[in-house]
Amino acid sequence: MRRIRAAAAGAVTISLLTAATACGGGSSNGGSNDSPKTLTYWASNQGASIEIDKKVLQPELDKFEKQSGIKVKVEVVPWSDLLNRILTATTSGQGPDVLNIGNTWSASLQATGALLPWDAKNFAKIGGRDRFVDSALGSTGAEGKDPAAVPLYSMAYALYYNKKSFADAGIAKPPATWDELVADGKKLSKGGKWGLGAEGSNVSENIHHVFVFAKQHGADFFTADGKADFTNDGVVAAVQQYVGLMAKDKIIAPGNAEYAQNQSVSDFAKGKNAMLLWQSASANLKSQGMSEDAYGIAPVPVQSGTPGTGANVNSMVAGINLAVFKNSKNLDGAAKFVKFMTSDAEQKILNTAYSSIPPVKTAQGDAAFNTPSNAVLKDTLAQSAAALPQVADESQFETAVGTAVKELFAAAAAGHAVTTDSVKAELEKAQQQMPKK
């Protein structure tokens, strides 16, 4: 999924999701084709600003209207609002026809019963399930159930590094392990500049990173039967290592503990941070005036060895999915719109605009996505990325654990030690917020 969610929304998120799951969402009346000439679409904020998103999307929506006769009314929703807006819509039944969802939310939103299942019949309307790459389909809903959405944009985390900063510090190549990253970061953290940027108050970013660290420590946040397991030794070590980049290693500026609106990307573009861990950042950096020649892209570090499966996972399977509300008043038009947005031509246009990777096989094979920078992202998605837990409680997990990491960053920024005990205490609080099994 992408970028930002305000931590203050956590309690609202949990209560809304619980209510939505309990009542089966707002979809009990079913959909129809009573309004065949219009569609409403909630798009997620993918670009550097909402205005940039509108400039990207509107020409394509106009194109769809010309082809189909259906007018699409689009609203670009900030990430800080999107999940709660969706959950409110699932309980009220007053949602859009089509919407973007962060792919990590797929199973949680699927559990509300408000989204159209993508069974074989519905997939046939958009060209078939086989058009999509397997890694993207793995983040579309709970295992064994028809997907709740279809993939729209695929992304992976990478390490972006400032070439000049590295050269000035005498660093010949990007770090491949965390020990190397810390050593390089200490060389780079001087003169008011810092080795690495982070978004300490960004709940979703926190989850993405500690998920990867947990995988590298051989740990999971849920047991095999779906119960929360946030305080196992591997998870505690993972969270402590990530927050320790600020607290112990001191390669992240304390002020980053308050970042939640992509400020670390802006700092990197301005040369304030020499490294950045981010999803498909090229378009964002370009919009802020940073030349592609000024930075390099490398795989996210691992504990040792090279990226791969198991303990060498170095990214979550990031991305945006396209979903349809079951009670849409233009179900046929919604299917046509999903088919349009996932067509080869539109996949090339949209994923180029957002420097993401098409989850559609034929579009992904296009020469436009075979650049050196995209090679890192494509290799990561194919070889060393893992999907976040596709369980009904995933959204609560993101909010609870992501907020715990936020609190630990705040403690680190205030100069407090982040110890095994303090990490475990915050994770215990997070686990207590989860639904009882």
Side-chain angles (χ1 to χ4, degrees), residues 7 157 159-162 165-166 169 171 174-203 205-219 221 230-260 263-264 267-268 272-278 298-305 311-314 401-430:
Y157 276 88
L159 175 69
Y160 294 77
Y161 62 97
N162 186 304
S165 295
F166 268 54
I171 303 171
T177 68
W178 292 110
D179 285 346
E180 291 175 0
L181 182 140
V182 169
D184 290 345
K186 289 180 178 179
K187 294 177 183 177
L188 294 159
S189 298
K190 59 183 179 180
K193 298 182 179 181
W194 293 83
L196 180 67
E199 301 272 322
S201 282
N202 186 323
V203 173
E205 284 293 314
N206 288 341
I207 280 296
H208 298 169
H209 294 303
V210 298
F211 170 76
V212 169
F213 276 101
K215 285 293 185 184
Q216 293 185 7
H217 282 274
F221 286 90
F230 300 165
T231 60
N232 67 73
D233 291 346
V235 167
V236 172
V239 172
Q240 188 171 4
Q241 184 181 5
Y242 179 51
V243 180
L245 296 172
M246 177 188 291
K248 178 173 70 74
D249 304 315
K250 302 189 185 306
I251 63 171
I252 298 174
N256 284 201
E258 299 179 2
Y259 281 8
Q263 294 99 318
S264 61
D267 283 355
F268 181 76
K272 294 181 180 180
N273 295 331
M275 292 182 285
L276 175 72
L277 296 167
W278 206 256
V300 172
V302 293
Q303 304 292 344
S304 64
N312 281 343
V313 163
N314 67 341
V401 175
T403 301
V405 177
K406 174 191 169 185
E407 294 300 324
L408 290 165
F409 268 121
H416 301 303
V418 175
T419 65
T420 300
D421 288 343
S422 66
V423 171
K424 192 166 186 176
E426 286 294 338
L427 291 171
E428 284 174 347
K429 292 178 190 175

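Not measured: the values here are computed from a predicted model.
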Using 0.5 Å steps for rounding, measure from the CG atom of L159 to the CE atom of M275. 6.5 Å
Determine the interplanar angle of the Y157 and H208 rings, folded into 0 to 90°, and report it as parallel if under 30°, tilted if 30 to 60°, perpendicular if over 60°. perpendicular
Given the side-chain rings of F211 and Y242, with only the six-membered ring counted for Trp, is the space between their centroids under 6.0 Å? no
Sub-4.5 Å side-chain heavy-atom contact between L181 and I251: yes
Verdict with supporting geometry, F221 and V210, side-chain contact (heavy atoms from CB on, under 4.5 Å): CA-CA 10 Å; F221 286 90; V210 298; 4.0 Å; yes
So does E258 have more than 12 non-hydrogen atoms from other groups sitting under 6.0 Å from CD? no
Is it true that a side-chain atom of N256 and a backbone atom of A198 form a donor plus acceptor pair closer than 3.5 Å? yes
Measure the NE2-OG distance between H416 and S422 for me, rounded to the nearest 0.5 Å. 10.5 Å
Ring pair (Phe, Tyr, Trp, His ring centres under 6.0 Å) against F268, all qualifying residues, sequence neighbours excluded: none
State which residues pass salt bridge (Lys or Arg N to Asp or Glu O under 4.0 Å) with K429; sequence neighbours excluded, sorted by chain then number. E426
Rounded to the nearest 0.5 Å, what separates atom OG1 in T419 from atom NZ in K248? 13.0 Å
Hey, could you give me the CG/CD distance between L427 and E407, rounded to the nearest 0.5 Å? 12.0 Å
Minimum heavy-atom distance between P301 and P175, given as atom pair plus value: CG-O, 4.0 Å
Closest non-hydrogen atom pair between Q241 and H217, with its separation: OE1-NE2, 2.9 Å
For the residue pair A412 and V418, what are the closest heavy atoms and their distance? CB-CG2, 4.0 Å
May I have the step-by-step check of side-chain contact (heavy atoms from CB on, under 4.5 Å) for I171 and L188, ending in yes or no? CA-CA 9 Å; I171 303 171; L188 294 159; 3.9 Å; yes
Do V313 and V302 have side-chain heavy atoms sitting under 4.5 Å apart? no
Side chain to side chain donor-acceptor pair (under 3.5 Å) filter on D267, not counting sequence neighbours, yields Y259
Please round to the nearest 0.5 Å and tell me the distance separating atom CG of N314 and atom CG of L277. 10.0 Å
Looking just at side-chain N and O atoms, do E428 and T231 make a donor-acceptor pair shorter than 3.5 Å? no
Would you name the heavy atoms of A219 and N232 that are closest together and state the gap between them? CB-OD1, 3.5 Å
Flag side-chain contact, heavy atom, 4.5 Å: Q303 against F213: yes
By ring pair (Phe, Tyr, Trp, His ring centres under 6.0 Å) - contacts of F166 (at least two apart): Y161
d(K272 NZ, N162 CG) to nearest 0.5 Å is 14.0 Å
Closest non-hydrogen contact found for S201 with A257 is OG-O, 2.8 Å
Between Q240 and T420: side-chain donor-acceptor atoms closer than 3.5 Å: yes
What's the verdict on side-chain contact (heavy atoms from CB on, under 4.5 Å) for V243 and V423, showing C-alpha distance, side-chain angles and the deciding distance? CA-CA 9 Å; V243 180; V423 171; over 6 Å; no
Looking at side-chain heavy atoms only, is the closest gap between P254 and F409 below 4.5 Å? no
The complete set of side chain to side chain donor-acceptor pair (under 3.5 Å) pairs with one or both residues in residues 178-198, sequence neighbours excluded, reads W178-Q216
Could I get the full list of side chain to side chain donor-acceptor pair (under 3.5 Å) partners for N312, not counting sequence neighbours? none
Can you list the steps and then say if L276 with L196 is a side-chain contact (heavy atoms from CB on, under 4.5 Å)? CA-CA 6 Å; L276 175 72; L196 180 67; 5.6 Å; no
